Amino acid sequence: MDEPVDDLLRSAFRRELAAAPELAQVVLDRLAARERKRLGWLALAAVAALCAAVGILWALTPAIGAPITNLALSFTGQVAAAPFAVSLALLCLLAPWLVAFLDEPI
Amino acid sequence: MVVRQSAKRLKSDEALAAEAAHLKDRAAFAELVRRHQQRIWLFLRRLTGNDAAEAEDLAQETFLQAWRKLHQFKGDGRFGAWLSSLAYRQFLMSLRKSRPEILPELPEVAVTLSLDAGSELERLLSHVSQEEGVLLTMSYALELTNQEIGDIVGQPVGTVKSRIHRARRKIAEAVGADSSARKEVACG
């Protein structure tokens, strides 16, 4: 009694399996997107750490702070505006990448 | 490249999983996805009450999770069984998100009508409960042993065996009744 049912079920499942969608490429694409996202966050963290380190050195060490301030001054002309101008310029440079990075679906 | 792909096709699931885990070899993992995508999708389709789109999303999540957890697969069982348990847990997690009151056991989800409701498989499984349909899928499509099924759904192997047997009997009776009815109609 079981054998015909076994055969029926096996062939029905086999036919249904053939209708399954192709997932391998989608999964690989999503893995790659996740990896990019991970690397992006790492890069962002590294940039933030670098900015913090430069900021601290800027505040604490005149020998390092002075040349950066002078460089910024040559663009902005105002002492107070110099750090903001540098940050803003960096942000403008990074903005398109940042938006694309945060928007990327995973 | 083609030679490498052919070589991968010859390897066992377990060997490919070890390669993918230790060498972070995506080609090996892609081969594993190709081998198991149909079964995992069909299994999830049965679990989700025949929702093909939901099954596809869950199958993708299952494979992404498999990639992350590959190092946990020790090779002491079959890769297919390990992957099926991930798929089952993925389904339960999605169910908890939408219906938090559901306990981690085989759920009785209402079977939704779908475009292929008239398929041979749907016709056969319409004679059994949702739970029995899932068990039959695990047995016939995933080709898991009763022990592996029991481990995944958290039921004793004897219970799994008897439920599958009962489901097969129900189908046999229904199919027998169908064919007798057809013969009677034909004989007039």
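Predicted model, so just to flag it, every value in this text is computed and none were measured. Proteins come first, then strands; the chains are lettered A, B, ... in the order of their sequence lines, and each starts at number 1.
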Task: Interatomic spacing from OH in Tyr140(B) to CG in Leu8(A) - rounded to 0.5 Å - done: 9.5 Å

Open item on the list: Let me confirm one number: the CZ-CG distance from Arg15(A) to Leu121(B), rounded to the nearest 0.5 Å.
Closed with: 9.0 Å

Task: Region of Arg10(A) that comes under 4.5 Å of a non-hydrogen atom in chain B - done: both

TODO: Answer with side chain, backbone, both or neither: which region of Ser139(B) has an atom nearer than 4.5 Å to a non-hydrogen atom of chain A?
DONE: neither

Task: Single-linkage hydrophobic cluster, 4.5 Å side-chain cutoff, Val26(A) and Phe63(B) together - done: no

Open item on the list: Would you compute the distance between atom CG of Leu124(B) and atom CZ of Phe13(A) and round it to the nearest 0.5 angstrom?
Closed with: 8.5 Å

- [ ] Keeping the roles fixed (side chain from Glu120(B), backbone from Ala12(A)), state whether a donor-acceptor pair exists under 3.5 Å.
- [x] no

Task: Toward chain A, the part of Leu136(B) with a non-hydrogen atom under 4.5 Å - done: both

Open item on the list: Counting C-beta onward and ignoring hydrogens, is there a side-chain heavy-atom pair between Gln25(A) and Arg34(B) closer than 4.5 Å?
Closed with: no

- [ ] Using a strict cut-off of less than 4.0 Å between a Lys/Arg side-chain nitrogen and an Asp/Glu carboxylate oxygen, indicate whether Arg30(A) and Glu61(B) qualify as a salt bridge.
- [x] yes

Task: Heavy-atom pair with the smallest gap, counting every atom of Ala24(A) and Ala30(B) - done: CB-O, 4.2 Å

Open item on the list: Checking salt bridge (charged side-chain N to carboxylate O under 4.0 Å, His left out) between Glu16(A) and each of Arg45(B), Arg46(B), Arg39(B), which is the one that passes?
Closed with: Arg45(B)

Task: Residue pair Gln37(B) / Val27(A), side-chain heavy-atom distance below 4.5 Å - done: no

Task: Gap separating the CG atom of Leu28(A) from the CH2 atom of Trp67(B), nearest 0.5 angstrom - done: 8.5 Å

Task: Distance (rounded to the nearest 0.5 Å) between Leu23(A) CG and Trp41(B) CH2 - done: 9.5 Å

Task: Nearest non-hydrogen partners of Val5(A) and Ala172(B), listed with the distance - done: CG2-CB, 3.2 Å

TODO: Determine, step by step, whether Leu31(A) and Phe29(B) satisfy the side chain to side chain contact (heavy atoms under 4.5 Å, CB included) criterion, reporting the C-alpha distance in whole Å, the side-chain angles of both residues, the deciding distance to 0.1 Å, and the verdict.
DONE: CA-CA 11 Å; Leu31(A) 275 179; Phe29(B) 185 66; 3.9 Å; yes

Open item on the list: Assigning hydrophobic clusters by single linkage (Ile, Leu, Val, Met, Phe, Trp, Tyr; side-chain heavy-atom cutoff under 4.5 Å), is Leu95(B) placed with Leu58(B)?
Closed with: yes

Open item on the list: Could you check whether any side-chain heavy atom of Leu9(A) comes within less than 4.5 Å of a side-chain heavy atom of Ile171(B), counting everything from C-beta outward?
Closed with: yes

Task: Whether over 12 other heavy atoms sit under 6.0 Å from Lys161(B) NZ - done: no

Open item on the list: Heavy-atom count check: over 12 atoms from other residues, nucleotides or ligands less than 6.0 Å from His22(B) NE2?
Closed with: no

